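Data first, discussion second: the structure below is written as structure tokens.
All figures in this text were calculated on a predicted structure; none of them were measured in a lab.
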Amino acid sequence: MNTRPLAATLRTILAVALATLLATTLGTQPAQAAHWRNIKGAVYAKIKWFNSKTIRKKEGKGPIDAKFSKIPGSLSSDPPGLWFGVKSKKTRKWMGASPREFPREDQKKRLTVNTSNGKKFFTSFKRRVICTGILCSHTFVGKMRY
């Protein structure tokens, strides 16, 4: 019995499978899609904008969104809230629209519409209302999709 044709066929099948695997692995990969990432911070002043030192990088082309599960506020009658936006790392100017107001928790807002893949930026924020005393909460907790 001649096993050469069978061995040649198996080598061909193996070569095609290996070539397909390499082409899939090493070939052009699409840009990663944006996904939600946790963010948190503290903000004490209403007067001055605070610029985060964390430089972020957009994944994929598209919008940047934010939503907060906790925003700075007070146990008194003052409404809580946060102004929040993103600035370009290169130009230090607002990206997209001006910063968004988050007067309540669990609101999703679009910060930019059509941000390019790989764009580097940082967040900038300030309190919506002045709050002093022990009844004040200064922290925010949320998520950003970029």
Is [Y] close to [X] at the side-chain level, that is, under 4.5 Å between some pair of heavy atoms?
X: Lys70; Y: Leu82; answer: no
X: Thr139; Y: Lys40; answer: no
X: Leu111; Y: Phe84; answer: yes
X: Ser69; Y: Val141; answer: yes

Quick test of your reading of the model: are Glu59 and Lys119 salt-bridged, counting only N-O distances below 4.0 Å? no
So does Arg128 pair up with Glu101, basic N to acidic O under 4.0 Å? yes
From CA spacing to verdict: side-chain contact (heavy atoms from CB on, under 4.5 Å), Tyr146, Arg37: CA-CA 8 Å; Tyr146 59 91; Arg37 294 180 175 93; 3.0 Å; yes
Give the minimum heavy-atom separation between [X] and [Y], together with the two atoms involved.
X: Pro72; Y: Pro80; answer: O-CB, 3.2 Å
X: Ser137; Y: Arg127; answer: O-NH1, 3.1 Å
X: Cys131; Y: Gly73; answer: SG-O, 3.9 Å
X: Asn117; Y: Gly60; answer: OD1-N, 2.7 Å

In Å, rounded to the nearest 0.5 Å, how long is the span from [atom1] of [X] to [atom2] of [Y]?
X: Trp49; Y: Trp94; atom1: CH2; atom2: CH2; value: 4.0 Å
X: Asp106; Y: Phe68; atom1: CG; atom2: CZ; value: 11.5 Å
X: Ser88; Y: Lys93; atom1: OG; atom2: NZ; value: 9.5 Å
X: Arg145; Y: Lys67; atom1: CZ; atom2: NZ; value: 7.5 Å
X: Ile64; Y: Arg56; atom1: CD1; atom2: CZ; value: 10.0 Å

Evaluate the side-chain contact (heavy atoms from CB on, under 4.5 Å) criterion for residues Phe122 and Asn51: first the C-alpha distance (whole Å), next the side-chain angles of each, then the deciding distance (0.1 Å), finally the verdict. CA-CA 7 Å; Phe122 59 91; Asn51 294 320; 3.6 Å; yes
side-chain contact (heavy atoms from CB on, under 4.5 Å), that's the test. Do Phe125 and Val86 meet it? Break it down for me. CA-CA 9 Å; Phe125 45 88; Val86 292; over 6 Å; no
Could you tell me if Thr115 and Lys61 have a donor-acceptor pair between their side chains, going purely by distance under 3.5 Å? no
Please confirm whether Phe50 and Tyr44 have ring centers closer than 6.0 angstrom. no
Does the ring center of Phe140 lie less than 6.0 Å from the ring center of Phe102? no
Are any side-chain N or O atoms of Arg100 and backbone N or O atoms of Arg110, one a donor and one an acceptor, separated by less than 3.5 Å? yes
Return yes if some donor-acceptor pair links the side-chain N/O of Thr112 with the main-chain N/O of Asn114 below 3.5 Å, else return no. no
Test log, rule side-chain hydrogen bond (donor to acceptor under 3.5 Å, both in side chains), inputs Ser116 and Lys58: CA-CA 7 Å; Ser116 60; Lys58 179 75 173 89; over 6 Å; no
Partner of Asp65 under side chain to side chain contact (heavy atoms under 4.5 Å, CB included), chosen from Met144, Lys109, Lys108, Lys143: Lys108
Side-chain heavy atoms nearer than 4.5 Å, only ILVMFWY residues, links allowed to pass through others: does that put Val43 and Trp83 together? no
Could you give me the CA-CA distance, side-chain angles and deciding distance for Lys57 and Phe121, then say whether side-chain contact (heavy atoms from CB on, under 4.5 Å) is met? CA-CA 6 Å; Lys57 186 176 174 183; Phe121 64 95; over 6 Å; no
